[in-house]
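Remarks on the structure that follows.
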Amino acid sequence: MSAPSRSLSPLAPYAATLLRLALGGLFLAHGLTKLLVFTPAGTAAYFQSLGLPGALGYITIVAELGLATALLLGIYARWIGLLGVPLLLGTIVTVHGANGFSFANSGGGWEYPVFWAVALVVLFLLGDGRWTLRSR
């Protein structure tokens, strides 16, 4: 009886690519919504209404768009993606945590940001995938 194989599927790099692109698309959608729909000033005002510094709203827009760019282009994506984990976990502490588990709850629960953070960790563990500009 032989030991079970520990090798990944030959399709694993493509799975990592798909995950990377999906995560990048999410960051792009969130960053552009803050930039173009809510506007930077509106985003800063919202952050202030939560008791956070308004400047953190501007930083969040830049962070989300930077993460989107790195993930979509594959620029050290597994490492850069890890920077999104504290950003997402921070939304649980400041916005979504008190709203319960389900994201369908009023104000959005914490299930979505937790899943998104876990998916970023999974990407880190899998690697950048195929078609990257810079990989490590």
Side-chain angles (χ1 to χ4, degrees):
M1 195 171 194
S2 64
S5 172
R6 297 195 187 273
S7 64
L8 291 175
S9 160
L11 299 177
Y14 299 100
T17 300
L18 183 60
L19 179 61
R20 187 187 86 227
L21 294 174
L23 292 167
L26 288 173
F27 276 116
L28 184 63
H30 280 255
L32 288 177
T33 299
K34 288 175 181 70
L35 180 67
L36 302 174
V37 177
F38 300 137
T39 73
T43 300
Y46 176 69
F47 275 63
Q48 288 174 324
S49 77
L50 297 172
L52 299 169
L56 192 56
Y58 296 102
I59 293 168
T60 299
I61 292 170
V62 171
E64 288 178 347
L65 294 176
L67 286 161
T69 301
L71 290 167
L72 292 171
L73 296 178
I75 302 171
Y76 302 115
R78 66 186 302 204
W79 293 101
I80 300 294
L82 279 181
L83 297 176
V85 173
L87 179 72
L88 290 162
L89 297 180
T91 68
I92 297 167
V93 173
T94 59
V95 181
H96 300 294
N99 301 333
F101 173 74
S102 177
F103 205 70
N105 292 348
S106 178
W110 53 268
E111 76 173 283
Y112 180 66
V114 166
F115 179 80
W116 193 352
V118 169
L120 286 166
V121 173
V122 170
L123 177 67
F124 172 77
L125 296 172
L126 283 175
D128 294 332
R130 300 272 187 217
W131 308 301
T132 63
L133 291 182
R134 294 267 184 195
S135 185
R136 269 201 168 278

Rounded to the nearest 0.5 Å, what separates atom [atom1] in [X] from atom [atom2] in [Y]?
X: Thr69; Y: Leu133; atom1: OG1; atom2: CG; value: 11.0 Å
X: Leu21; Y: Leu26; atom1: CG; atom2: CG; value: 11.0 Å
X: Leu35; Y: Thr60; atom1: CG; atom2: OG1; value: 12.5 Å
X: Leu28; Y: Leu23; atom1: CG; atom2: CG; value: 12.5 Å

Does [Y] offer a backbone N or O that forms a donor-acceptor pair with the side chain of [X] under 3.5 Å?
X: Asn105; Y: Asn99; value: yes
X: Arg130; Y: Pro13; value: no
X: His96; Y: Thr91; value: no

Verify the cluster assignment for [X] and [Y]: are they in a single hydrophobic cluster under the rule of side-chain heavy atoms below 4.5 Å apart?
X: Leu36; Y: Ile61; answer: yes
X: Leu18; Y: Leu126; answer: no
X: Tyr46; Y: Ile92; answer: no
X: Leu56; Y: Leu65; answer: no
X: Leu19; Y: Val85; answer: yes

Kindly give the heavy-atom pair with the smallest separation between [X] and [Y], and that separation in Å.
X: Leu123; Y: Arg20; answer: CD1-CB, 3.9 Å
X: Ala16; Y: Gly127; answer: CB-O, 3.5 Å
X: Ala68; Y: Gly24; answer: CB-O, 3.5 Å

Atom pairs and distances, donor-acceptor, side-chain atoms in residues 37-45, under 3.5 Å, two or more places apart:
from  : atom 1 : to    : atom 2 : distance (Å)
Thr39 : OG1    : Gly42 : N      : 3.1
Thr43 : OG1    : Lys34 : O      : 3.2
Thr43 : OG1    : Thr39 : O      : 3.0

Would you give me the side-chain donor-acceptor pairs under 3.5 Å for residues 70-79, sequence neighbours excluded?
from  : atom 1 : to     : atom 2 : distance (Å)
Arg78 : NE     : Phe124 : O      : 2.9
Arg78 : NH2    : Phe124 : O      : 2.5
Trp79 : NE1    : Arg136 : O      : 3.2

Under 4.5 Å between any side-chain heavy atoms of Phe27 and Leu120, yes or no?
->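 Phe27 vs Leu120: side chains touch.
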Side chains of Leu87 and Glu64: does their closest heavy-atom pair fall under 4.5 Å?
->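 When only atoms from C-beta onward are counted, Glu64 and Leu87 do touch, with a gap below 4.5 Å.
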Only distances under 3.5 Å count here; give the side-chain donor-acceptor pairs of residues 110-119 to other protein atoms, sequence neighbours excluded, each with its distance to 0.1 Å.
from   : atom 1 : to     : atom 2 : distance (Å)
Trp110 : NE1    : Gly100 : O      : 3.4
Glu111 : OE2    : Phe103 : N      : 2.7

